[in-house]
Number of protein chains: 2
Amino acid sequence: MVKLTSQRQALLDFINASNRHWDADELARALADAGTPMGIATVYRGLAALESAGLLDSIQLADKKRYERADKAHHDHMICTDCGAIEEFAHPTIESLQLSVAADRGFTVSGHQLVIFGLCRGCSNQGL
Amino acid sequence: MVKLTSQRQALLDFINASNRHWDADELARALADAGTPMGIATVYRGLAALESAGLLDSIQLADKKRYERADKAHHDHMICTDCGAIEEFAHPTIESLQLSVAADRGFTVSGHQLVIFGLCRGCSNQGL
DNA sequence: ATGATATTGATAATGATTATCATTTGCATC
DNA sequence: GATGCAAATGATAATCATTATCAATATCAT
Ligand SMILES: [Mn+2]
Ligand SMILES: [Mn+2]
Ligand SMILES: [Zn+2]
Ligand SMILES: [Zn+2]
């Protein structure tokens, strides 16, 4: 039986109150600053538990995993390689084409991750 | 000036002779078995140098980076979460839709990574 | 309120990758 | 072909995110 502890509630509230993609360390620091410090191992375990309960979503980037609210529709991400900004986009046609190419190969899809790298509008304009 | 050493040549030859997606450790072991052992740090540095020279491609998976030949056209990957098989696919429409959605947001694309997770045909049929 | 059990937290361990640094090697130049 | 030097090598330490340990604590069904 999975328990809803004060630590997990704090993690969930914190992420749900924002629109960011948090890593474990950022959350530990932010929660400490907010007056609800918790051990870093508890942060990792809490995030994993909340995700498998469907209460959080995550994206696995090259170096670390980032968590976000789960109450948004499925979307993918564009990441600015200059300023680190993470933008979201949803594209139904891309989604369905993925399913069809997988089906063509007899592949049973359980998930996917699409990340576009480049320069966001602001950083693109820096170089003008 | 970047030097083409015997170690780097061995790495390149080894990967070009195969169709796999290698991680650094697999390469170190395979090269040792093949009679051209080299330090693991040399493997990492060699792979990075060859990739930035455009002689190798890579995909960054959750836990580790995997290298493959660069003489194939751009493609994305489907990974079987059961047996670990990595299949390749190319889909021009998905590619161009990515560029258009990025352009819509003023995003200058430098690259992307699309990975589809699920069960390959063989593993899908296991559960029948 | 009680007890079984899941969670916490401090810390050690792990695993992939990078940094150090003394030694060696590729290669441009003579 | 010999020389010189910047770049590469390799053994190993360090780093960084994440997971494992384990004794103490908190949750929750009863
Ligand atoms: Mn998102
Ligand atoms: Mn490939
Ligand atoms: Zn930017
Ligand atoms: Zn499979």
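Not measured: the values here are computed from a predicted model. Labels below follow one simple rule: chain letters A, B, ... track the order of the sequence lines, proteins then strands, and each chain is numbered from 1.
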Reckon [X] touches a base, only the sugar-phosphate, or nothing at all at heavy-atom distances under 4.0 Å?
X: B:Lys3; result: base
X: A:Asp63; result: sugar-phosphate
X: A:Thr5; result: sugar-phosphate
X: A:Arg8; result: sugar-phosphate

Short side-chain N/O contact to [N] OP1/OP2 from [X], under 4.0 Å:
X: B:Tyr44; N: C:dT17; result: yes
X: A:Gln7; N: C:dG9; result: yes
X: B:Thr42; N: D:dG10; result: yes

Rounded to whole Å, how long is the line connecting atom [atom1] of [X] with atom [atom2] of [N]?
X: B:Leu11; N: D:dG10; atom1: CG; atom2: P; result: 10 Å
X: B:Met1; N: D:dA7; atom1: CE; atom2: C1'; result: 7 Å
X: B:Asp23; N: C:dG15; atom1: CG; atom2: P; result: 13 Å
X: B:Trp22; N: C:dA16; atom1: CH2; atom2: P; result: 16 Å
X: A:Lys64; N: C:dT17; atom1: NZ; atom2: P; result: 16 Å
X: B:Leu47; N: C:dT17; atom1: CG; atom2: C1'; result: 12 Å
X: A:Lys65; N: D:dC16; atom1: NZ; atom2: C1'; result: 17 Å
X: B:Leu50; N: D:dA7; atom1: CG; atom2: C1'; result: 14 Å

Of A:Ile40 and B:Gly39, the one whose closest DNA chain D nucleotide lies more 5' | B:Gly39
Is the closest side-chain heavy-atom distance between A:Leu55 and A:Arg8 below 4.5 Å?
->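 Answer no - side chains too far apart.
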Between the side chains of A:Thr42 and A:Gln7, is a donor N or O closer than 3.5 angstrom to an acceptor N or O?
-> no
Between B:Trp22 and B:Phe14, what is the shortest heavy-atom contact and its length?
->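 Taking every non-hydrogen atom into account, CH2-CE2, 3.5 Å.
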Least distance between heavy atoms, B:Ile15 atom then B:Glu68 atom = CG2-C, 3.7 Å
Would B:Arg121 and B:Glu87 count as a salt bridge (charged side-chain N to carboxylate O under 4.0 Å, His left out) if you check the C-alpha gap in whole Å, the side-chain angles of each, and the deciding distance to 0.1 Å?
-> CA-CA 11 Å; B:Arg121 173 171 273 127; B:Glu87 293 186 38; over 6 Å; no
Of A:Pro37 and B:Asp25, the one whose closest nucleotide on DNA chain C sits nearer the 5' end is A:Pro37
Between D:dG10, C:dC27, D:dA20, which nucleotide has the shortest distance from any of its atoms to the side chain of A:Ala41?
->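 Looking only at side-chain atoms, A:Ala41 lies closest to D:dA20.
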